[in-house]
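Note on naming: letters A, B, ... go to the chains in the order of the sequence lines (proteins, then strands), and numbering restarts at 1 for each one.
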2 protein chains.
Amino acid sequence: MSTRGRGLHGQLLETLGPAITAGEYPPGSVLRTDELAQRFEVSRSVMREAVRVLESMHLVESRRRVGVTVRPTAEWNVYDPQVIRWRLAGADRPRQLRSLTVLRSAVEPVAAGLAAQHATPEQCAELTECALGMVANSRGHQLEGYLFHDVNFHRVILNASGNEMFARLGDVVAEVLTGRTHHEVMFEDPDPAAVTLHVRVAEAVRARDAARAEELTREITLGALEELDILAPNARPATTG
Amino acid sequence: MSTRGRGLHGQLLETLGPAITAGEYPPGSVLRTDELAQRFEVSRSVMREAVRVLESMHLVESRRRVGVTVRPTAEWNVYDPQVIRWRLAGADRPRQLRSLTVLRSAVEPVAAGLAAQHATPEQCAELTECALGMVANSRGHQLEGYLFHDVNFHRVILNASGNEMFARLGDVVAEVLTGRTHHEVMFEDPDPAAVTLHVRVAEAVRARDAARAEELTREITLGALEELDILAPNARPATTG
DNA sequence: TGTGACAAATAAGTCTGACTTTTTCTCGCC
DNA sequence: GGCGAGAAAAAGTCAGACTTATTTGTCACA
């Protein structure tokens with residue numbers, strides 16, 4: 001059992017959650033708390049608390065006289081950061097990465113447009129700083145340094161949008177970018193065109209040019225999507241008609 | 001205590017969740033499980049399970065020797081459907097509605113564009129059916145019938161996009177639309193222009209015209225946003241610079 | 001006066017066993 | 001074959017004892 005997670009119930013969660021999201025217990029499977037508690041050598045109270053949390057994530061449903069049933073994938077709370085992390089660590093990571101990148105391509109351009117209208121001077125400054133940091137780390141395999149500034153850049157944009165729902169996607173974007181750098185093939189330095197685009201977005205926001213900030217950010221996210229489709233073409237859904 | 005929710009712990013959750021999201025226990029407040037268990041006349045196990053769930057929603061943090069601390073608003077899992085429902089039922093409902101509508105305006109146009117590429121013939125048919133249903137209920141105060149088809153229309157679009165993250169926003173959109181019809185001022189029949197736009201989106205999807213589907217959907221969501229700003233102008237964040 | 005170690009207090013965390021409640025299955029009856 | 005009573009099964013609830021981590025306070029020592 002994983003040792004991460006605060007407390008016994010936390011450790012249990014870090015074992016059961018990934019197991020379920022990985023399909024180890026496929027949808028429709030029925031688990032029994034008592035049996036699981038014995039198997040993992042924890043008390044029923046600990047197991048019950050873990051099951052409660054899984055239930056709140058819509059991963060399972062607990063019913064009397066039946067047991068704990070794994071719910072169909074379509075019902076899972078896929079916006080829960082913990083669920084996202086579990087799934088990104090699992091086997092169909094490429095598909096997850098693509099879903100999330102498509103989400104980014106919808107959200108971030110709009111967020112950038114709003115950021116151009118609402119960003120404080122401090123946020124503008126931080127944005128410029130991030131962009132410069134990306135430039136400074138764009139050559140010579142300084143991937144960690146580049147990643148750090150890249151993540152922060154997108155976080156600032158999302159926060160500066162002034163929209164709470166956008167702001168909360170900062171962690172998701174961070175996961176995607178980190179995943180891309182660490183787990184995908186990324187031997188080469190980042191695309192110079194992408195770096196330039198970030199610099200220009202920072203400029204557009206500072207200049208309060210919402211339309212330009214939006215369009216440039218759209219180019220960034222669509223670029224990320226194309227890059228992904230080159231690396232893992234099979235994750236792209238087929239086009240009908 | 002609310003009687004909704006399965007089981008005692010569920011009822012407790014339906015009491016504590018809304019109380020916390022409504023700011024009744026402001027961020028930083030410290031609760032003690034024993035005290036709460038006494039107050040609500042439940043056993044500690046039940047209270048502990050409820051707290052676990054609140055913790056998984058990042059509404060509270062539980063620490064030994066300290067107690068259960070309410071976390072700052074910015075850390076809440078605002079994409080959790082239950083949290084969304086609690087907040088929409090609370091005092092700052094207008095602000096929530098606006099945040100969610102802005103999210104819609106970012107996501108739905110892109111989803112519609114993808115739907116035009118990926119929708120199955122069945123989904124195209126259902127879309128048309130929904131649009132016709134909206135037309136049929138657009139006059140003479142048939143608000144419930146109109147709402148039903150409206151919700152379904154947007155659900156089909158999000159599902160047909162083929163993107164899991166988009167699809168899971170169907171419930172959110174349903175909440176927003178339902179809230180707009182039931183709780184906001186909506187004496188008059190729906191805007192005829194909006195109805196027409198829905199019909200045209202259905203046509204565009206059927207014709208596999210992604211660009212047009214996207215643009216028309218953008219008009220729908222931006223219209224919804226404007227409508228909201230007329231009804232509750234104070235929920236709109238100030239523009240800097 | 002400050003500082004470090006040690007002790008006490010506190011609240012969450014864990015375990016166990018008994019009991020309740022709901023739901024479902026089964027079996028006998030009509 | 002349908003229907004109702006009863007048995008069985010698994011989650012749900014409760015109470016109490018015990019454990020552990022963390023904070024806070026105290027006291028000796030520098």
Side-chain angles (χ1 to χ4, degrees), chain A residues 1-17 19-20 25-72 75-76 82, chain B residues 1-17 19-20 25-72 75-76 82:
Chain A
M1 193 166 74
S2 167
T3 68
R4 283 154 254 175
R6 303 266 261 233
L8 251 185
H9 69 271
Q11 295 174 34
L12 198 55
L13 205 59
E14 288 300 322
T15 304
L16 286 176
I20 293 173
Y25 303 94
S29 313
V30 176
L31 318 172
R32 265 156 303 133
T33 46
D34 291 26
E35 193 227 311
L36 285 181
Q38 277 194 12
R39 172 131 53 105
F40 292 104
E41 296 178 312
V42 297
S43 66
R44 292 194 322 284
S45 15
V46 167
M47 180 56 71
R48 284 181 54 75
E49 287 174 26
V51 167
R52 276 288 153 273
V53 173
L54 293 173
E55 195 175 30
S56 89
M57 295 169 170
H58 276 63
L59 258 46
V60 302
E61 189 182 6
S62 180
R63 281 173 57 200
R64 270 185 159 127
R65 176 55 166 83
V66 174
V68 177
T69 314
V70 178
R71 305 182 78 151
E75 296 176 9
W76 296 352
Q82 206 157 15
Chain B
M1 195 167 73
S2 167
T3 70
R4 280 157 255 175
R6 307 264 262 233
L8 251 185
H9 69 272
Q11 295 173 34
L12 199 55
L13 205 58
E14 288 301 321
T15 304
L16 286 177
I20 293 173
Y25 303 94
S29 313
V30 176
L31 318 171
R32 266 156 305 131
T33 46
D34 292 25
E35 192 226 312
L36 285 181
Q38 277 192 13
R39 172 131 51 105
F40 291 103
E41 296 177 313
V42 296
S43 66
R44 284 181 313 116
S45 9
V46 167
M47 180 56 71
R48 284 182 55 75
E49 287 174 28
V51 168
R52 277 287 153 275
V53 173
L54 293 173
E55 194 175 31
S56 89
M57 295 167 169
H58 276 62
L59 260 46
V60 302
E61 189 183 6
S62 181
R63 281 172 59 200
R64 270 185 158 127
R65 176 50 214 263
V66 173
V68 176
T69 315
V70 179
R71 306 181 76 151
E75 296 176 7
W76 296 353
Q82 208 158 11

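- Residue A:Leu8 contributes atom CG, which lies 15 Å from atom P of D:dT19 at whole-angstrom precision.
- Note that the CG atom of A:Leu36 and the CG atom of A:Leu16 stand 6.0 Å from one another [nearest 0.5 Å].
- Judged as a salt bridge (Lys or Arg N to Asp or Glu O under 4.0 Å), and not counting sequence neighbours, the contacts of B:Arg32 are B:Glu35.
- Taking NE2 from A:His58 and CD from A:Glu75, the interatomic distance works out to 7.0 Å, rounded to the nearest 0.5 Å.
- Below the 3.5 angstrom threshold, one finds a donor paired with an acceptor across the side chain of B:Arg65 and the base of C:dA9.
- Applying the side-chain contact (heavy atoms from CB on, under 4.5 Å) test to A:Thr15 and every residue at least two apart in sequence or in another chain returns A:Met1, A:Ser2, A:Phe40.
- Taking every heavy atom of residues 35-49 of chain B and every atom of DNA chain C, pairs under 4.0 Å involve B:Arg44, B:Arg48, by number.
- The side chain of B:Thr33 lies closest to C:dA12, out of C:dT14, D:dT23, C:dA12.
- Backbone-only contact: B:Leu31 has heavy atoms under 4.0 Å from sugar-phosphate atoms and none from a base.
- Qualifying salt bridge (Lys or Arg N to Asp or Glu O under 4.0 Å) partners for B:Glu55, counting only residues two or more places apart in sequence or in other chains: B:Arg52.
- Contacts of A:Arg52 with the nucleic acid, taken as non-hydrogen atoms under 4.0 Å apart, involve only primed sugar atoms and P, OP1 or OP2.
- Considering only side-chain atoms of A:Asp34, the nucleotide from D:dA11, C:dA9, C:dA11 that sits closest is D:dA11.
- Near DNA chain C, meaning a heavy atom under 4.0 Å away, the residues from residues 55-64 of chain B are B:Ser62, B:Arg63, B:Arg64.
- Contact annotation: the side chain of A:Thr33 never approaches that of A:Arg44 to less than 4.5 Å [non-hydrogen atoms, C-beta and beyond].
- With sequence neighbours left out, the side chain to side chain donor-acceptor pair (under 3.5 Å) criterion links B:Ser62 to no other residue.
- Residues A:Arg48 and B:Arg48 form no side-chain contact, since every pair of their non-hydrogen atoms from C-beta on lies 4.5 Å or further apart.
- The side chain of B:His9 contributes an N or O atom lying less than 4.0 Å from OP1 or OP2 of D:dT13.
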